[in-house]
Amino acid sequence: MTVWAIANQKGGVGKTTTVVSLASHLALKGHSTLLLDMDPHGSLTTYFEFDPDNIEHSIYTLFQHSEQQPLNAIFKTLKKTTQENIYLLPAATAMATLDRQLGIQSGKGLVIQKTLLQLKDRFEYVLIDCPPMLGVLMVNALAACDELLIPVQTEFLALKGLERMLHTLHLINHSRQHKLPYLIVPTMFDRRTRAGTQTLRKLQQDYEDNLWSDAIPVDTQFRDASKAGIPLPALNPESRGSMAYERLMKKLTKVPATKSDKHV
Ligand SMILES: Nc1ncnc2c1ncn2[C@@H]1O[C@H](COP(=O)(O)OP(=O)(O)OP(=O)(O)O)[C@@H](O)[C@H]1O
Ligand SMILES: [Mg+2]
């Protein structure tokens, strides 16, 4: 089982879109894929047409009963989605209260790691959608993953958010046995704008070693796909956005690039 966390402390940079689109490509290749919605806003949960305001079993329940998590409690939480091979552990709005409830209790940083341990023979890939703030949910995600993906919108303000995220990673690495590998993924790239090309150049200058050498382009079809509740690669595999996420999926799963893998 391979676990990726998708995080950035800046909001609206394409985290949830990255989770949905990468998962869709993995699932289309036949990989059983699990998604975790760790954001109390529940955008990922809503994407697949579940209601985070009104859900009986969710990641919130897993935190409440974290001492004893029999597999059947986890299976009650697990939802099938609109796409074959993609399963979801949904969010509940109540997760917003977890920081206040658990703040001082130790051992609450490994709830997700322990949950995934019980599912390790069931799923090949796990993608964790993180909230845009540091707290017990983000700490759990970073403790449980093998690699961190940081989507960064290609505009100037986004660079501050990236710095903040890398600072968090630095803090987290102190309590991990091995440093967490990470990859910066430029998103919503528009080559026609100066902000787009200049931000991409700045990323290349400052973060070359950890930067994906490609970018996810702006594509209005992402909004259409989210309205339909279907991942874009399943809805329109030939769209620019879908094809870019396919290249990212190949990079992450170490499939060699082919001549048809044209960069943006
Ligand atoms: N490459 C793209 N081109 C065009 N629109 C995009 C692209 N990626 C994401 N979007 C749109 O931008 C909005 C924000 O994206 P998304 O929800 O994925 O960001 P997020 O980082 O998860 O946000 P939050 O921090 O609020 O959870 C959504 O409406 C989404 O459809
Ligand atoms: Mg999101």
Side-chain angles (χ1 to χ4, degrees), residues 2-26 35-39 41 43-44 109 112 125-176 178-190 195-219 222 241 244-254 263-264:
T2 302
V3 185
W4 299 325
I6 292 76
N8 188 332
Q9 275 147 271
K10 188 168 181 342
V13 297
K15 295 182 288 293
T16 302
T17 305
T18 299
V19 169
V20 169
S21 306
L22 278 179
S24 180
H25 279 298
L26 291 166
L35 308 185
L36 271 65
D37 190 354
M38 299 288 278
D39 186 351
H41 286 128
S43 312
L44 179 63
I112 294 301
Y125 288 96
V126 178
L127 282 74
I128 309 179
D129 191 9
C130 292
M133 61 272 191
L134 180 58
V136 70
L137 291 161
M138 170 103 76
V139 167
N140 263 270
L142 297 182
C145 71
D146 305 305
E147 184 163 0
L148 167 65
L149 306 183
I150 311 177
V152 175
Q153 190 176 351
T154 40
E155 51 128 66
F156 296 121
L157 281 177
L159 294 173
K160 266 267 158 282
L162 173 59
E163 278 171 27
R164 214 173 310 136
M165 188 63 228
L166 291 175
H167 180 65
T168 299
L169 177 61
H170 185 70
L171 297 177
I172 294 277
N173 274 337
H174 279 299
S175 54
R176 284 182 61 103
H178 307 286
K179 274 191 180 174
L180 185 59
Y182 68 95
L183 185 71
I184 298 167
V185 178
T187 60
M188 303 185 205
F189 177 60
D190 186 346
T197 50
Q198 287 187 357
T199 309
L200 196 59
R201 205 169 311 134
K202 182 91 180 105
L203 287 171
Q204 285 159 349
Q205 277 166 8
D206 295 354
Y207 302 100
E208 199 194 352
D209 294 346
N210 292 92
L211 181 71
W212 184 39
S213 58
D214 200 340
I216 305 296
V218 170
D219 187 340
F222 283 114
Y245 275 112
E246 188 176 13
R247 296 194 297 273
L248 179 60
M249 182 272 288
K250 285 182 177 173
K251 148 86 186 167
L252 292 167
T253 54
K254 315 237 167 19
H263 284 205
V264 289

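A quick note: this is a predicted structure, and the numbers were derived from the prediction, not measured. We number each residue from 1, following the sequence as shown.
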Is there a side chain to side chain contact (heavy atoms under 4.5 Å, CB included) between V139 and L134? Walk through the geometry before answering. CA-CA 7 Å; V139 167; L134 180 58; 4.3 Å; yes

Show your reasoning for whether side chain to side chain contact (heavy atoms under 4.5 Å, CB included) applies to I150 and L166. CA-CA 9 Å; I150 311 177; L166 291 175; 3.8 Å; yes

Report the C-alpha separation of L183 and L248 in whole Å, then their side-chain angles, then the decisive distance to 0.1 Å, and conclude whether the side chain to side chain contact (heavy atoms under 4.5 Å, CB included) test is met. CA-CA 10 Å; L183 185 71; L248 179 60; 4.1 Å; yes

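Nearest heavy atoms, A144 versus I112: CB-CG2, 3.9 Å. Closest of all the heavy-atom pairs between P217 and A244 is CD-CB, 3.4 Å. Here the shortest heavy-atom pairing between A215 and F189 reads CB-CB, 3.9 Å. Taking every heavy atom of both residues into account, E147 and L252 meet most closely at OE2-CD2, 4.1 Å. A pairwise comparison of heavy atoms in M133 and M138 identifies O-CE, 3.5 Å as the closest pair. Here the shortest heavy-atom pairing between K15 and D129 reads CB-OD1, 3.7 Å.
Rounding to the nearest 0.5 angstrom, the gap separating the CG atom in N8 from the NZ atom in K10 is 8.0 Å. Atoms CD and CG, from E246 and L22 in turn, are 11.0 Å apart once rounded to the nearest 0.5 Å. The structure places OH of Y245 at 13.0 Å from CG of L26, a figure rounded to the nearest 0.5 Å. Between the CD atom of Q204 and the OG1 atom of T199 there is a distance of 11.0 Å, given to the nearest 0.5 Å. Note: L44 CG to T17 OG1 = 10.0 Å, rounded to the nearest 0.5 Å. Here the OG1-CG distance, from T16 to D39, works out to 6.5 Å after rounding to the nearest 0.5 Å.
Checking L137, V136, L142 one by one against N140, the side chain to side chain contact (heavy atoms under 4.5 Å, CB included) holds for a single residue, V136. The salt bridge (charged side-chain N to carboxylate O under 4.0 Å, His left out) test with D214 is passed by exactly one of K250, K251, R247: R247.
A donor-acceptor pair is defined here as one N or O able to donate and one able to accept, closer than 3.5 Å; no such pair exists between the side chain of N210 and the backbone of I184. Under a 3.5 Å cut-off, the side chain of D146 and the backbone N or O of V3 do form a donor-acceptor pair.
Scored by the side chain to side chain donor-acceptor pair (under 3.5 Å) test, D206 finds K202 as partners (sequence neighbours excluded). For Y207, the side chain to side chain donor-acceptor pair (under 3.5 Å) criterion is met by no residue, not counting sequence neighbours. Residues passing the side chain to side chain donor-acceptor pair (under 3.5 Å) test with D190 are R192, sequence neighbours excluded.
Note: H170 and H174 have perpendicular aromatic rings, judged against thresholds of 30 and 60 degrees for the angle between ring planes.
I216 is not listed as a side-chain neighbour of T18, based on a closest heavy-atom distance of 4.5 Å or more. Contact check for P186 versus L211: side-chain heavy atoms found under the 4.5 Å cut-off. Contact annotation: the side chain of M38 approaches that of P131 to within less than 4.5 Å [non-hydrogen atoms, C-beta and beyond]. Residues L127 and L149 are not in side-chain contact: their nearest non-hydrogen atoms beyond the backbone lie 4.5 Å or more apart. At a threshold of 4.5 Å between non-hydrogen side-chain atoms, the residues L180 and L169 count as touching. For the pair L203/L159, a side-chain contact is recorded, criterion being any heavy-atom separation below 4.5 Å from C-beta on.
Atom CD of E208 has 12 or fewer heavy atoms from other residues, nucleotides or ligands within 6.0 Å.
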